[in-house]
Amino acid sequence: MNNHKENLFLLYLHKNWKSITLFFLFVLCFTIVFSLSHQPLDPILYSILLCSYIVFVFFVVDFLKFIKQYKKLKNAKKTIMVQLDQLPTPKNAIERKYQELLQILYKNKNELTVQADNKQKDLVDYFTQWTHQIKTPIAAMRLLLQSEQNEQTTELELELIKIEQYVEFVLQYLRLEDMSNDLVFKKYELDEIIKQAIRKNAKMFIRKKISLNYSDINRTVLTDEKWLLFVIEQILSNALKYTKEGSISIHMKNEQLIIEDTGIGIQAEDLPRVFEKGFTGFNGRAFKQSTGIGLYLCKQIVTKLSHDITIESEVGIGTKIIIDLETKEIGVE
């Protein structure tokens with residue numbers, strides 16, 4: 001507290017050093033003039049003391065006003081991005097001009113913010129509409145492919161599944177910013193959510209001949225079904241993408257859902273950054289398929305669901321994704 005006052009005092013001295021210097025120069029000049037005039041010393045000292053007292057009272061009052069103004073400016077830092085009403089009343093024409101400049105900048109900033117928000121909203125609306133519209137031809141293509149089953153149509157259907165996943169991926173990415181408005185927290189059977197994700201990737205399991213180790217978990221979880229389903233689908237999709245042979249296991253340990261594969265694994269130096277937006281790492285550069293968005297989205301979604309997600313991996317051994325489904329600070333109405 002004393003250091004804070006001392007700093008304020010030094011700031012005040014720095015602000016008023018010209019006035020203080022001018023006062024001492026006046027005192028020095030009067031002293032020299034009276035001395036050269038051979039005036040008695042007592043009147044000189046009395047005049048200096050009287051002036052010093054008046055100046056001291058003036059500076060004390062001014063220093064208290066300075067502290068009040070300083071605190072107002074400090075508090076205004078917290079709200080200046082929202083409003084300028086808490087700025088101190090200007091003392092002179094210069095301060096008034098500074099506040100007028102701030103008002104102009106604040107107005108321009110708000111106008112630019114509104115323009116940017118409108119552009120972002122238009123962009124999101126456009127891509128949201130596009131993702132919904134593209135689902136119609138995807139569904140039509142699936143029906144056409146199912147009407148004639150052969151090796152070629154099977155391959156095309158698998159590629160179509162990937163396209164559908166990417167479309168869904170875009171839609172969820174667009175919704176992420178306003179995700180809180182879309183959340184519906186209820187208690188769900190975890191097995192039902194997992195089985196939906198497995199069915200979505202079933203043909204990929206068959207095509208790549210990857211075995212699935214999964215038994216009913218028989219656990220309910222407080223979450224949002226749609227968003228948790230997207231996370232599990234994305235993790236399974238990644239596991240299938242980077243697993244050439246072997247198996248994928250899904251099991252529960254305490255409150256943790258564990259999805260484990262026997263894929264190529266992730267290099268140790270890449271592990272701390274796998275949840276960063278746009279980070280692809282060694283595997284992404286080697287396979288040319290990674291966008292660096294999937295695990296980032298999973299992390300953001302799981303955090304907003306009040307869960308947690310971690311990853312363990314070893315090159316050549318496999319990867320383990322751990323979703324802690326214990327909810328924190330969420331009440332059920």
Side-chain angles (χ1 to χ4, degrees), residues 70-90 94-138 162-185 223-231 233-234 237-238 272-281 284-285 288-309 328-330:
Y70 180 87
K71 288 182 178 179
K72 278 188 176 181
L73 288 171
K74 188 175 180 181
N75 292 331
K77 286 173 63 178
K78 302 174 183 177
T79 59
I80 196 167
M81 296 300 292
V82 181
Q83 58 183 3
L84 297 178
D85 299 339
Q86 293 189 10
L87 287 177
T89 304
I94 299 296
E95 290 188 0
R96 192 177 299 110
K97 287 297 179 184
Y98 275 125
Q99 290 201 12
E100 288 175 3
L101 290 175
L102 283 175
Q103 292 286 355
I104 293 171
L105 291 173
Y106 180 74
K107 182 180 178 181
N108 289 340
K109 172 254 182 187
N110 283 344
E111 290 176 355
L112 291 173
T113 301
V114 170
Q115 291 176 11
D117 288 343
N118 289 336
K119 287 182 180 179
Q120 178 69 15
K121 184 178 181 299
D122 290 341
L123 189 65
V124 170
D125 289 344
Y126 171 77
F127 279 107
T128 301
Q129 185 179 7
W130 179 85
T131 53
H132 284 298
Q133 289 177 341
I134 202 69
K135 288 182 178 181
T136 302
I138 288 175
K162 292 180 183 178
I163 293 173
E164 190 174 23
Q165 287 177 341
Y166 292 146
V167 170
E168 188 68 22
F169 190 86
V170 172
L171 187 60
Q172 302 297 5
Y173 182 78
L174 292 172
R175 289 174 173 172
L176 183 63
E177 188 173 347
D178 296 325
M179 174 185 166
S180 299
N181 298 327
D182 190 45
L183 292 176
V184 179
F185 282 99
T223 189
D224 181 282
E225 181 183 27
K226 180 179 70 177
W227 290 98
L228 183 59
L229 174 60
F230 174 80
V231 171
E233 284 180 359
Q234 181 62 35
S237 176
N238 278 356
R273 300 186 59 193
V274 292
F275 294 116
E276 292 182 12
K277 185 178 181 180
F279 180 76
T280 58
R285 291 187 293 272
K288 311 296 182 184
Q289 297 176 343
S290 178
T291 61
I293 300 295
L295 287 178
Y296 163 78
L297 265 181
C298 289
K299 177 66 173 178
Q300 298 300 310
I301 292 170
V302 165
T303 300
K304 290 189 178 184
L305 291 176
S306 190
H307 305 321
D308 194 16
I309 184 170
K328 306 172 182 66
E329 299 179 1
I330 291 182

(request) Would you please test Gln115 and Asn110 for side chain to side chain contact (heavy atoms under 4.5 Å, CB included) and show each step? (result) CA-CA 9 Å; Gln115 291 176 11; Asn110 283 344; over 6 Å; no
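Residues Cys298 and Ile309 approach most closely at CB-CD1, 4.4 Å, considering heavy atoms. Across all non-hydrogen atoms, the minimal contact from Lys277 to Ile293 is CG-CD1, 4.0 Å. Closest heavy-atom contact between Phe185 and Lys304: CZ-O, 4.1 Å.
Partners of Lys135 by salt bridge (charged side-chain N to carboxylate O under 4.0 Å, His left out), not counting sequence neighbours, listed by chain and number: Glu168. With sequence neighbours left out, Lys107 forms a side chain to side chain donor-acceptor pair (under 3.5 Å) with no residue at all. Under the rule for a side chain to side chain contact (heavy atoms under 4.5 Å, CB included), the partners of Thr113 that lie at least two apart in sequence or sit in another chain are Lys109, Asp117. When the side chain to side chain contact (heavy atoms under 4.5 Å, CB included) test is applied to Asp224, the partners found at least two apart in sequence or on another chain are Leu183, Val184, Lys226, Trp227, Leu305. Residues satisfying the side chain to side chain donor-acceptor pair (under 3.5 Å) test with Glu233, not counting sequence neighbours, are none. Applying the side chain to side chain contact (heavy atoms under 4.5 Å, CB included) criterion to Lys97, with sequence neighbours excluded, gives Glu100. For the side chain to side chain contact (heavy atoms under 4.5 Å, CB included) test, residues two or more places apart in sequence or in another chain that qualify with Asn108 are Ile104, Glu111. Residues forming a salt bridge (charged side-chain N to carboxylate O under 4.0 Å, His left out) with Arg273 (at least two apart in sequence, or on another chain): Glu276. With sequence neighbours left out, the side chain to side chain donor-acceptor pair (under 3.5 Å) criterion links Gln120 to no other residue. Taking the side chain to side chain donor-acceptor pair (under 3.5 Å) definition, one finds that Lys121 meets it with Asp125, sequence neighbours left out.
For the atom pair CZ (Phe230) and CG (Leu297), the distance works out to 5.0 Å, reported to the nearest 0.5 Å.
Side-chain contact between Val114 and Lys119: absent, with no pair of heavy atoms (C-beta onward) separated by less than 4.5 Å.
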